[in-house]
Protein chains: 2
Amino acid sequence: MNKASGGSAGRPRSEEAHQAILDATLALLAEVGFSSLTVEGVAARAGVGKATIYRRWPSKVPLVVEAFGGLPAFEEADTGSLVGDLKAMLRAYLELFNETPLATVLPALASERAHDPALAALFNPVLRQRRSPLMNALERARARGEIPPDTDLELAADLIVGPIAVRLFFTGRRIQPKLVDPLVEMALGGIQKR
Amino acid sequence: MNKASGGSAGRPRSEEAHQAILDATLALLAEVGFSSLTVEGVAARAGVGKATIYRRWPSKVPLVVEAFGGLPAFEEADTGSLVGDLKAMLRAYLELFNETPLATVLPALASERAHDPALAALFNPVLRQRRSPLMNALERARARGEIPPDTDLELAADLIVGPIAVRLFFTGRRIQPKLVDPLVEMALGGIQKR
DNA sequence: TGGATATCGAAACGTACAGTATCGTAATCT
DNA sequence: AGATTACGATACTGTACGTTTCGATATCCA
């Protein structure tokens, strides 16, 4: 009844179960991390049989990728200046790191991606998608003449989010929102003396 | 005979076996990656019993951390200018990414670190150590007046290696050495128009 | 020299979990 | 009503972890 009955006969897949599985995955990721996440644990937490999970996802990793896709990303901000856009977006994004499993899931998936081309194929578009508000802000800045027209925007984006990535992956200290202002100013202005 | 006979009685641990285990770990890491690395595989490759491994390392992760510690890091460069130091060090470092398991081990350990305080305690000093040539170069630059005296050197270092980390973890494309010049110039000079 | 001790490689073991298959039941389509 | 498909539960196979035991071996100390 709730299905766009274009499919074949038989009992339709439960959308409820689908969502319960994704929710359980995120909850357990936050609790135990990726490497200790078990499909059996997800099934138990979701109140679902293992077969129901494997009927939808071929293995643990794609499941985590899809669950990850439901986590919040950059929220587009258009303040009229690049510096304003960046500060607003980064500050909001950093707050999400303290409210979601983002900070643990991201490194886990990045690590798997390196040796699993299938995961990379799944994961890469998700990452590009999440990055797009940042790229849009850079493009607006270029259109306004705030940055040189021949700027390598990908590199610029990497420069801006780079310090966050480094701290996320390597130092593990919680990333303070007050880091944002000096970060943006240093990235935009450069390190060197004028 | 080869031991500093300060220890207790009994057969001393074989330094040969120790090194064979570390070598086998690095070799297998390069071949199959971290998540497919098995201790049994390491034991077989090293020609060693599993007990010999577990007698020295409590589990797979600390073993990999120690093996990782044997991989090359930044090589100190002192060219007289910050831009020269950075370009030289980054270029040399990027080449190592294509010759060692660094590119796969680094994300794997970073991912584990997030949910394993014991690993973090082991891993953090190693990371700091590897970073020191970069920090030294920044300190020299500050002493020379190339960068403002109140510069946050940690943040500056993160800004410089950030784009490499982002590409390593997220885009997975091989990192081209020719990236180094624009990267260093953008980090030092800033993105914005002058 | 000889006993005590700790390591060696090898192998067996218990546990945990991935992923598959099968069960009887429930929901939907024709 | 009958066919079809998903459901949760459960049993199963295979793999690998981490532990333990084994007889053999190397070193220390008296």
Side-chain angles (χ1 to χ4, degrees), chain A residues 1-25 28-29 31-67 108 112 115-116 118-119, chain B residues 1-25 28-29 31-67 108 112 115-116 118-119:
Chain A
M1 209 68 91
N2 54 353
K3 262 296 169 54
S5 61
S8 45
R11 177 175 178 171
R13 292 194 177 173
S14 161
E15 193 53 48
E16 201 176 316
H18 198 89
Q19 197 54 50
I21 293 166
L22 291 176
D23 290 347
T25 302
L28 283 176
L29 276 174
E31 284 176 28
V32 305
F34 177 85
S35 59
S36 296
L37 183 82
T38 68
V39 175
E40 287 181 337
V42 172
R45 171 74 68 104
V48 149
K50 277 209 299 178
T52 302
I53 296 180
Y54 281 107
R55 204 172 287 122
R56 294 154 201 255
W57 295 277
S59 74
K60 182 168 104 171
V61 168
L63 165 63
V64 172
V65 171
E66 183 166 337
E112 292 293 317
H115 265 277
D116 186 342
L119 170 61
Chain B
M1 208 70 90
N2 54 354
K3 260 297 169 52
S5 61
S8 47
R11 176 175 180 170
R13 292 193 177 174
S14 161
E15 192 52 49
E16 202 176 316
H18 198 88
Q19 197 54 52
I21 292 166
L22 291 176
D23 290 347
T25 302
L28 283 176
L29 276 174
E31 285 176 27
V32 305
F34 177 85
S35 59
S36 296
L37 182 82
T38 69
V39 175
E40 287 181 338
V42 172
R45 170 75 68 106
V48 151
K50 278 208 299 178
T52 302
I53 295 179
Y54 282 107
R55 205 172 286 122
R56 295 153 199 254
W57 296 276
S59 72
K60 180 169 103 170
V61 168
L63 166 62
V64 172
V65 172
E66 184 167 336
E112 293 294 317
H115 267 276
D116 185 342
L119 171 61

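Residue numbers start from 1 in every chain, and the chains themselves are labelled A, B, ... in the order their sequence lines are given, proteins ahead of strands.
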In whole Å, what is the span from the [atom1] atom of [X] to the [atom2] atom of [N]?
X       : N      : atom1 : atom2 : result
A/Arg13 : D/dA6  : CZ    : C1'   : 8 Å
B/Glu16 : D/dA26 : CD    : P     : 12 Å
B/Glu40 : D/dG14 : CD    : P     : 16 Å
B/Lys50 : D/dC17 : NZ    : P     : 6 Å
A/Leu37 : C/dA16 : CG    : P     : 17 Å
A/His18 : D/dA6  : NE2   : C1'   : 14 Å
A/Tyr54 : D/dC12 : OH    : C1'   : 14 Å
A/Arg55 : D/dT5  : CZ    : P     : 12 Å

task = Select from A/Lys60 and B/Val48 the residue whose nearest nucleotide in DNA chain C is closer to the 5' end of that strand.
result = B/Val48
Does [N] have OP1 or OP2 sitting under 4.0 Å from an N or O in the side chain of [X]?
X       : N      : answer
B/Ser14 : C/dT7  : no
B/Thr38 : D/dA16 : no
A/Arg11 : C/dA26 : no

What are the two closest heavy atoms between [X] and [Y], and how far apart are they?
X       : Y       : result
B/Ala20 : B/Ala46 : O-CB, 3.6 Å
B/Val42 : B/Ile21 : CG1-O, 3.9 Å
A/Phe34 : A/Leu29 : CA-CD2, 3.8 Å

ask   = NA contact type, B/Gly47, heavy-atom cut-off 4.0 Å: base, sugar-phosphate, or nothing?
value = sugar-phosphate
query = Which part of the nucleic acid, if any, lies within contact of B/Ala51, taking any heavy atom under 4.0 Å across all strands shown: a base, the sugar-phosphate backbone alone, or nothing?
reply =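 B/Ala51: base contact, heavy atoms under 4.0 Å.
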query = Charged N to carboxylate O below 4.0 Å: is that the case for A/Glu112 and A/Lys60?
reply = no
query = Rounded to the nearest 0.5 Å, what separation is found between the CD1 atom of A/Ile53 and the OG atom of A/Ser59?
reply =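 Between atom CD1 of A/Ile53 and atom OG of A/Ser59 there are 11.5 Å.
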